[in-house]
There are 4 protein chains.
Amino acid sequence: MTTQRRTPDAGRRSEATRRAILDAALELVGEVGYARLSIEGIAARAGAGKQTIYRWWPSKGAVLFDALLALSEGRDEELADLPDTGDLEADLKTVLRATVDELNDPRLSEPMRALTVEILLDPKLAADFAERLDGPLRELKLRRLRRAREAGQLAPDVDLDIALDLIWGPLQRRWLHREGPLTAEFADAVVETALNGLRPRT
Amino acid sequence: MTTQRRTPDAGRRSEATRRAILDAALELVGEVGYARLSIEGIAARAGAGKQTIYRWWPSKGAVLFDALLALSEGRDEELADLPDTGDLEADLKTVLRATVDELNDPRLSEPMRALTVEILLDPKLAADFAERLDGPLRELKLRRLRRAREAGQLAPDVDLDIALDLIWGPLQRRWLHREGPLTAEFADAVVETALNGLRPRT
Amino acid sequence: MTTQRRTPDAGRRSEATRRAILDAALELVGEVGYARLSIEGIAARAGAGKQTIYRWWPSKGAVLFDALLALSEGRDEELADLPDTGDLEADLKTVLRATVDELNDPRLSEPMRALTVEILLDPKLAADFAERLDGPLRELKLRRLRRAREAGQLAPDVDLDIALDLIWGPLQRRWLHREGPLTAEFADAVVETALNGLRPRT
Amino acid sequence: MTTQRRTPDAGRRSEATRRAILDAALELVGEVGYARLSIEGIAARAGAGKQTIYRWWPSKGAVLFDALLALSEGRDEELADLPDTGDLEADLKTVLRATVDELNDPRLSEPMRALTVEILLDPKLAADFAERLDGPLRELKLRRLRRAREAGQLAPDVDLDIALDLIWGPLQRRWLHREGPLTAEFADAVVETALNGLRPRT
DNA sequence: GGATAATCGAGACGGTACGTCACGTCTTAAG
DNA sequence: CTTAAGACGTGACGTACCGTCTCGATTATCC
């Protein structure tokens, strides 16, 4: 689940140091923000040599990415299937409300926004992110929507990629751009309106 | 339309230097990208002193912002009203297709993505941007939608902010995250699907 | 007594501004020391434009020079003849003790050391200084010694330049290099020992 | 013999870089003079990073000091005892004539004057200089004079500090202030006249 | 269990850019 | 024409990090 598979000899790698680095990265990003987060700072805080970081990660963004992944490890809900009670609207509301809660936790939200931003600019990081997090999640969502379409809850000709954007886009946009509060009501309203447009016309 | 009103004694400001700086910023961002754009580099290219930049702009993001604004000056379509032929769907398609064209021009698109990203991280810049560009544009859009709602083309209880997100969000998201090609077809499909969900239920 | 004779149009010169600049220079050199004294700082403190300083003085050293000269104006003892009671040793002790007192006043001593140092490095300033202060003073001293030699109190073949160095050198050296305290006793001892070597051998 | 003992982990210090910096400093001070010598320039000429200079030296004066020390390394005459043939006058003439030769070599003289001047203004540098060069040399001179006093060649009550000033002061003063040529004759005359005043009165 | 090879901390190094200060020149507006 | 004010190009300051590069000093398998 980390980058270590791609590196020379992961066998010898010090797990303690790896954790210290990820922890330091999280602490520091909370204290000074992403822009002023530096490899030097992480190394110093972690009591690690700079080379140790450069050996295992290509950029500070990659370190923070792993640090955030490590945070959400254990909570395997991450890559579990989306709920499927048969009621698409209810299920989507459940999922989006959970996301709203996560995004309202500044401990997660701030570094995650920083990381998202970094991803927008760094294609390498974007690829890593797509492979390890965004891609799989997107697949889960598509799967749930496909099932709904097969069950006749969505119009048969609906473009699922666009559907996905309609449902998750407003939330992510409002979060990323800080355009207004993230509330359960907002999540509900988005789901309702989007589904309105996606349901089979009678 | 520029920052100069907020600064000390803008009367003495050298217009030639101001243009040289904005031009240099645009050239350089095209050549090396935003991450490697530096105040130092802009000053050197413009034949200006660094202090002259620091005197009038608070960050390289702010310089680029003004540079992009200057680019689109003259084309007053910017802050003109959105078209209103009475046919909301057709009007929105016109607008979104125009946006698609703009975003497919890499001369504008790349620095604009960089600037957008900078805005995400820098609240000061965000405020400036909101005041001078995003806010007014948003207002235009809301006005058009409000007229449509009054004309009965949208459900009377629709939340216009959410409507706005549903219509413009997917496009912006796909652009910002480079998630697939920006085409007229995509624009059309988004408008159709979103309006489906926003129209009065019969 | 100032530089103004050498400049384009002294007739229009503002005396109030000139005083303000010299006063500001003295204040600032006392507050921040010579190294951090700046033309900008003087202009700001004096409420004068920088150009006004550049118009009338060639360097901050020159400003300080004039400022120090202005300080000792009025006290005409400056360029009055050295005392001549007939007793060379007593007269020299009187003079050197007075110098000791002056040099122990930090209000004068610190900027004077700074100026002296500047003179060591700036030949233009050195020439100005030699012409307006050091030369005349040296001439007074030589005149007193010459009278003493004619009166048989010094050996007839003594080199007066060397005599002058022997008498005033140690004091100036100890002051400039901060090598030990400046006391009346030291002044007396120097005069006695130096005169020992300069008197006619019996 | 250099500053490195006072600095963090001098073990890793690159000797090649250290030499390159000192050499560059000497070259540059010869080309542009001390006032226009800059850390930036030294680093560029030496092919070193600025930080490398700041890591090991506190000021450009300190760099030049080390550079001059390095110049005179090898010539161990530096800290060897002053000659003692039993004839004080002859010995002092030998020493002062050697000094005159050194001070007439502009390769040494110019940077040395600049450094001397810097020392006058910078107490830290002065302390360093006193500890590593001036102090030891002064001690050698005092030792020679003390031996002469014990041998009855100087008056028993003579203050050796003042004696030292009388003998070396005029030469240093004439050099530092550029007050006339430095010749062997001048050195001889100073020694003769000063010793005249210091010998026991018969 | 001792050799050996990679990892580790530490941090020096050549660089780039930062944001600030002062330089000396210039332009403007007021008197 | 001088003045106060201050923008301008220039250049150096001293600092922060970059990413690379040695250094010993641990480890942690593998012979």
Side-chain angles (χ1 to χ4, degrees), chain A residues 7-14 16-18 20-21 36-44 46-56 58-60, chain B residues 7-14 16-18 20 36-44 46-56 58-60, chain C residues 8-14 16-18 20 36-44 46-56 58-60, chain D residues 7-14 16-18 20 36-44 46-56 58-60:
Chain A
T7 49
D9 184 350
R12 298 201 183 290
R13 183 168 188 179
S14 155
T17 292
R18 185 180 152 272
I21 289 169
R36 286 158 68 182
L37 180 66
S38 70
I39 300 258
E40 300 235 350
I42 297 171
K50 283 201 293 175
Q51 201 58 267
T52 304
I53 298 183
Y54 283 110
R55 191 162 17 237
W56 302 108
S59 66
K60 70 171 176 175
Chain B
T7 49
D9 196 353
R12 304 218 183 295
R13 182 168 190 180
S14 156
T17 293
R18 186 181 150 271
R36 287 167 143 173
L37 180 67
S38 67
I39 301 258
E40 199 121 344
I42 296 171
K50 282 200 290 176
Q51 202 62 269
T52 302
I53 300 184
Y54 283 110
R55 185 157 28 232
W56 302 108
S59 66
K60 69 172 176 175
Chain C
D9 185 352
R12 298 198 183 285
R13 183 167 190 181
S14 154
T17 293
R18 186 180 152 273
R36 287 158 66 181
L37 180 67
S38 70
I39 301 258
E40 301 235 348
I42 295 171
K50 284 200 291 174
Q51 201 58 265
T52 304
I53 299 184
Y54 283 111
R55 194 168 3 247
W56 303 107
S59 66
K60 70 172 175 176
Chain D
T7 50
D9 197 353
R12 302 219 184 296
R13 182 166 189 182
S14 157
T17 292
R18 187 180 149 271
R36 286 167 145 175
L37 180 67
S38 69
I39 300 256
E40 198 121 343
I42 296 172
K50 281 201 289 176
Q51 202 61 269
T52 302
I53 298 184
Y54 284 110
R55 183 151 36 226
W56 302 108
S59 65
K60 69 171 175 174

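Per chain, numbering begins at 1; letters A, B, ... match sequence-line order. The model shown is predicted, which means the values in this text are computed figures rather than measured ones.
Among the protein residues, Ala48(B) comes within range of the sugar-phosphate backbone only, with heavy atoms under 4.0 Å from sugar or phosphate atoms but none that close to a base.
The minimum heavy-atom distance between Gly41(D) and Ser38(D), with the atom names listed, is N-OG, 2.8 Å. Minimum interatomic distance between Leu37(A) and Lys60(A) (heavy atoms only, all atoms of both residues): O-NZ, 3.0 Å.
Spacing between atom CZ of Arg55(B) and atom P of dG19(E) amounts to 16 Å, rounded to whole angstrom units. Atom P of nucleotide dA16(F) and atom CD1 of Ile42(A) are separated by 17 Å, given to the nearest angstrom. In this structure, the CD1 atom of Ile21(A) is 14 Å from the C1' atom of dA10(E), given to the nearest Å. Rounded to an integer number of Å, the gap from CD1 of Ile53(C) to P of dG6(F) is 15 Å. Rounding to whole angstrom units, CH2 of residue Trp56(A) and C1' of dC8(E) are separated by 11 Å.
Mapped onto DNA chain F by nearest heavy atom, Ala46(B) and Ala44(C) fall at different nucleotides, with Ala44(C) at the one closer to the 5' end.
With sequence neighbours left out, Lys50(C) forms a salt bridge (Lys or Arg N to Asp or Glu O under 4.0 Å) with Glu40(C). For the side chain to side chain contact (heavy atoms under 4.5 Å, CB included) test, residues two or more places apart in sequence or in another chain that qualify with Ala46(C) are Ala20(C), Ile21(C), Ala24(C), Ala48(C). The side chain to side chain donor-acceptor pair (under 3.5 Å) test applied to Thr52(A) returns no partner, not counting sequence neighbours.
Judged by a 6.0 Å distance limit and a 45° cone about the ring axis, Arg18(B) is not positioned over the six-membered ring of Trp56(B).
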Exercise. Can you check each nucleotide of nucleotides 22-31 of chain E against protein heavy atoms at under 4.0 Å and return B for base, S for sugar-phosphate only, - for none, in 5' to 3' order?
Key: SBBBB-B---
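Look at Thr52(C) and you won't find any side-chain N or O under 4.0 angstrom from OP1 or OP2 of dT2(F). Regarding contacts with the backbone of dG9(F), a side-chain N or O of Thr17(B) is found under 4.0 angstrom from either OP1 or OP2.
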